[in-house]
Amino acid sequence: MVVGGEDQKPLPKIAAAFEALAEVATSGDAAMELGPFSLACAHVSVCFRCLGIAFKFVEKDYVTKVDDLIEASKSITTLSNMIELDIQQDCVRQNGSHTRNLLRVKRGLDMVRVLCEEIVKLEGDSLRDAASLSYHNVFALHHGWAIQKAVAATMYGLPSKSQLFERLNRDENSVKVEMQRFIRASVPVIQYIEELFNSRKLGIDW
């Protein structure tokens with residue numbers, strides 16, 4: 001399965017989109033717009049898709065949440081405004097709220113960031129340890145034992161590193177360069193989102 005269509009080489013598009021978001025996140029005074037953010041997050045879904053059946057459930061949940069944010073961006077301008085609206089309507093923690101979905105999307109980005117960090121320094125061809133670590137570090141605390149057990153079983157269905165690079169239609173050096181760009185850019189974006197929650201005393205561990 002090689003990524004086709006407009007996403008034939010998705011990594012440069014992902015890296016560029018998050019570098020633009022990182023400029024806003026580190027500017028100190030600019031509010032991050034919901035439209036560009038949600039579209040950048042939509043590009044990331046291909047990373048889950050390229051991991052195959054092992055992360056199918058993560059991909060499905062992530063895409064659903066991102067689609068909600070894209071729809072919300074038609075009437076809400078910034079991430080901050082979106083959270084404030086949910087606070088006013090007392091629905092922040094309700095299933096399906098935009099704020100709750102933003103938190104889930106943030107975790108998806110965090111998992112991809114950790115996975116990229118592990119792949120960049122990976123010597124062998126197996127992605128199992130890298131994927132397991134990224135899942136454990138980000139999602140395991142929020143999933144029950146049954147889900148964790150199911151995820152562990154699907155890790156055997158992961159593509160190899162070389163198969164992943166083939167699916168991304170890039171050679172190893174190119175993949176690592178683009179992943180490093182995404183890693184650098186995603187950190188301030190993720191921190192920006194966490195600050196939106198923490199500054200309002202909403203917390204991020206729910």
Side-chain angles (χ1 to χ4, degrees), residues 18 21-22 24-26 31-45 47-49 51 54-118 130-155 182-183 185-206:
F18 275 84
L21 294 178
V24 177
T26 57
M32 189 172 295
E33 294 184 1
L34 181 55
F37 171 80
S38 57
L39 291 176
C41 293
H43 295 324
V44 175
S45 63
C47 297
F48 294 113
R49 188 160 71 248
L51 291 172
F55 280 89
K56 190 66 178 177
F57 81 101
V58 175
E59 178 197 354
K60 183 178 179 181
D61 185 67
Y62 178 85
V63 169
T64 299
K65 272 46 174 188
V66 170
D67 285 347
D68 173 71
L69 298 184
I70 291 174
E71 185 64 27
S73 72
K74 295 177 181 178
S75 58
I76 304 173
T77 54
T78 67
L79 297 182
S80 180
N81 288 346
M82 182 182 74
I83 295 175
E84 287 299 330
L85 285 171
D86 278 354
I87 291 174
Q88 292 171 18
Q89 296 170 14
D90 194 26
C91 65
V92 168
R93 294 202 178 200
Q94 289 181 11
N95 284 331
S97 79
H98 301 318
T99 301
R100 186 183 182 92
N101 288 343
L102 174 61
L103 183 58
R104 270 51 182 178
V105 169
K106 193 276 296 186
R107 287 180 190 148
L109 297 177
D110 219 5
M111 201 214 83
V112 173
R113 177 190 61 81
V114 176
L115 179 61
C116 287
E117 288 176 345
E118 294 303 309
S132 295
L133 179 66
S134 62
Y135 171 79
H136 177 78
N137 284 2
V138 178
F139 283 115
L141 292 176
H142 308 285
H143 290 167
W145 178 86
I147 295 179
Q148 293 185 43
K149 193 77 171 178
V151 171
T154 63
M155 290 294 176
F182 171 74
I183 292 166
S186 65
V187 169
V189 175
I190 291 168
Q191 291 174 341
Y192 178 92
I193 297 170
E194 291 177 346
E195 180 59 21
L196 289 177
F197 281 79
N198 291 329
S199 64
R200 293 168 173 79
K201 302 187 186 307
L202 299 176
I204 56 174
D205 293 323
W206 48 276

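Distance check, rounded to the nearest 0.5 Å: CD1 of Ile76 to CG of Asp86 gives 7.0 Å. With rounding to the nearest 0.5 Å, the separation of CG in Asn101 from OG in Ser38 is 12.0 Å. Remark: Glu194 CD to Ser199 OG distance equals 11.5 Å, nearest 0.5 Å. Separating the CG atom in Leu196 from the CD1 atom in Ile83 is a distance of 4.5 Å, to the nearest 0.5 Å. The structure places CZ of Arg113 at 10.0 Å from OG of Ser134, a figure rounded to the nearest 0.5 Å. Of the inter-residue distances, the one linking Lys65 atom NZ with Asp67 atom CG reads 11.0 Å to the nearest 0.5 angstrom.
Between Val66 and the options Thr64, Ile70, Asp68, a side-chain contact (heavy atoms from CB on, under 4.5 Å) holds for only Ile70. When the options Val63, Val112, Val105 are evaluated for a side-chain contact (heavy atoms from CB on, under 4.5 Å) with Val44, the one that passes is Val112.
Residues Leu79 and Leu34 form a side-chain contact, since some pair of their non-hydrogen atoms from C-beta on lies under 4.5 Å apart. Residues Phe197 and Trp206 form a side-chain contact, since some pair of their non-hydrogen atoms from C-beta on lies under 4.5 Å apart. Under the 4.5 Å side-chain criterion, counting only non-hydrogen atoms from C-beta, Thr77 is not in contact with Glu33. Contact annotation: the side chain of Met82 approaches that of Leu69 to within less than 4.5 Å [non-hydrogen atoms, C-beta and beyond]. Between Ser186 and Leu109 the shortest side-chain heavy-atom distance does not fall below 4.5 Å. Two residues are said to be in side-chain contact when any heavy atoms from C-beta on lie closer than 4.5 Å; Phe37 and Val24 fail this criterion.
Heavy-atom minimum distance, Ser97 versus Cys91: CB-O, 3.0 Å. Nearest heavy-atom pair, Ala31 versus Thr78, reported as atom, atom and distance to 0.1 Å: CB-CG2, 3.9 Å. The nearest pair of heavy atoms linking Gln94 to Arg100 is O-CD, 3.3 Å.
The list of ring-ring contact (aromatic ring centres under 6.0 Å, His included) pairs with a residue in residues 63-91, not counting sequence neighbours, is empty. Listed by first and then second residue, the ring-ring contact (aromatic ring centres under 6.0 Å, His included) pairs involving residues 58-112 are Phe48-Tyr62 (not counting sequence neighbours).
Comment: Arg107 does not engage Asp110 in a salt bridge, judged by the lack of any side-chain N to carboxylate O separation of less than 4.0 angstrom.
More than 12 heavy atoms of other shown residues, nucleotides or ligands fall within 6.0 angstrom of atom CD in Glu117. The environment of CH2 in Trp145 is sparse: at most 12 heavy-atom neighbours from other residues, nucleotides or ligands sit within 6.0 Å.
No donor-acceptor pair under 3.5 Å is formed between the side chain of Tyr135 and the backbone N or O of Met155. Here the side chain of Arg93 pairs a donor or acceptor atom with the backbone of Leu202 at under 3.5 angstrom.
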